[in-house]
Amino acid sequence: MSKYDLIATTAMGLEALAAKEVRDLGYECEVENGRITFKGDEAAIVRSNLWLRTADRVRIKVGEFKATSFDELFEKTKSLPWENYMPENAEFPVSGKSVKSKLFSVSDCQAIVKKAIVERMRTKYKKTGWLEENGPLFKIEVALHKDVALLTIDASGSGLHKRGYRAGQGEAPLKETLAAALVMLTNWTPDKPFVDPFCGSGTIPIEAALIGQNIAPGFNREFISEAWHWIPEKVWEDARNEAEDLANYDQPLDIAGADIDHRMVKIAEENAFEAGLGELINFKQMQVRDFTTTKEYGVIVGNPPYGERLGEKAAVQRMYAEMGKALAPLDTWSIYILTSDEEFETHFGKPATKKRKLFNGFIRTDYYQYWGKRPPRNK
Ligand SMILES: C[S@@+](CC[C@H](N)C(=O)[O-])C[C@H]1O[C@@H](n2cnc3c(N)ncnc32)[C@H](O)[C@@H]1O
């Protein structure tokens, strides 16, 4: 069953969420820096690709060993069973990275790994001369960290954040993986109202709707490993059928997105439509200071502008203050705001119940969490 060593990579700070997702799929896992490692069969490769909302990609570990010389890297790479993964016509580019290692020249490491695999494949497939490399694609990575080389094959292709619904985007769209994480870090359940008052291209409301109806995030896209001969088509078919069975399209949702910019509202609508959620999410043009509601026990998740650009900060902070005023009466709502502004709480006018450090790309941000009153037990 557990033939493969698998790695789901994540952005820093999302490891615990991704690990929970891997466990929920039924695989025991371990968490390292930015990596969730687990064991599984072909179905595990397929299901983790289809279902993981917060992971960047799924990789197959071919080998891991110490290498402090190019000879060592070559010989140990050559001794790995590459032919178990790749047919003789496989196309296999090698990418690389090196951190705190003697072998610091990444281009040399890539070239050596490539050469070692070519030799291995030639011997195993009894080929002389060039390998044609006109077959399915296997993207190999050699990652050196403190003199340990990790050799993996990418089973995802485009990053898992590419769900296949984002046709248009604004200036600072959130990665879909982070947007899903923001939703998963709240106390939202699909029966509660959900609002993103800074929806931009709609990523957060769309991810919320996918979560709310338990729709697999990868349902609408392709994966590089679909072209590999050793993952039978039936495994993909079964996993997609499973995803179809588990999707709860009848779950009613009350999800809304708003943005000050009407062009963004249009883009958000188009993206929701692409995701097959067109009717489900309510988008409208509105400034956050005009937000009012008579609903209770809802959840607000927002990724407002951070005021990172010169001259923007004061205006953004005034807007945070207006937001604080508009949202103050909503004592049953829980409010979650992601921003890099360290003075957010002062401007918003209230200390957060809890803060969580997260990275939005390379920007260090905090996820400010304001927990609303709990509903009475009989609600
Ligand atoms: C960082 S972007 C949000 C990106 C979005 N999460 C996405 O994935 O596309 C911030 C958004 O807030 C909007 N915005 C700025 N000021 C606003 C205000 N006062 N009220 C509502 N929206 C505002 C901007 O138009 C922009 O689309």
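Counting starts at 1 for both ligands and their atoms, following the listed order. Keep in mind it's a predicted model, so treat the numbers as computed, not measured.
Below 3.5 Å of separation, one finds an N or O of Val288 facing an N or O of ligand 1.
Near Pro173, meaning under 4.0 Å from any of its heavy atoms, are these atoms of ligand 1: 7 (C), 8 (O), 9 (O). When each atom of ligand 1 is checked for a heavy atom of Thr203 under 4.0 Å away, the hits are 7 (C), 8 (O), 9 (O). Every atom of ligand 1 with a heavy atom of Ser201 under 4.0 Å away is listed here by number and element: 7 (C), 8 (O), 9 (O). Counting atoms of ligand 1 from 1 in the listed order, those under 4.0 Å from a heavy atom of Met264 are 27 (O). Atoms of ligand 1 lying under 4.0 Å from any heavy atom of Asp261, numbered from 1 in the order shown and given with element: 25 (O). Less than 4.0 angstrom separates some heavy atom of Pro197 from each of these atoms of ligand 1: 21 (C), 22 (N).
Considering each of Leu174, Ile260, Asp259, Thr339, the one bringing a non-hydrogen atom nearest atom 11 (C) of ligand 1 is Asp259. Taking each of Cys199, Gly202, Pro205, Pro305 in turn, the one with a heavy atom nearest to atom 5 (C) of ligand 1 proves to be Cys199.
Checking Ser48 against Tyr27 by side-chain atom types alone, no donor-acceptor pair falls below 3.5 Å. Side-chain contact of Ser69 with Asp71: a donor-acceptor pair under 3.5 Å is absent, judged by distance alone. With 3.5 Å as the limit, one finds no donor-acceptor pair spanning the side chains of Asn360 and Thr365. Side-chain atoms of Arg59 and Thr9 include no donor-acceptor pair closer than 3.5 Å. If you check the side chains of Tyr165 and Glu207, you find a donor sitting under 3.5 Å from an acceptor.
The side-chain hydrogen bond (donor to acceptor under 3.5 Å, both in side chains) pairs that include a residue from residues 245-255 are Asp254-Lys295, where partners are two or more places apart or lie in different chains.
Tyr368 and Phe344 have tilted rings, their planes meeting at an angle from 30° to 60° on a 0 to 90° scale.
Ligand 1 is never approached by Gly302 to a heavy-atom distance shorter than 4.0 Å. Assignment of Met286 to the shell around ligand 1 is supported, since a heavy atom sits closer than 4.0 Å.
Of the listed residues (Glu322, Met323, Glu343), just one forms a side chain to side chain contact (heavy atoms under 4.5 Å, CB included) with Phe348, and that residue is Met323.
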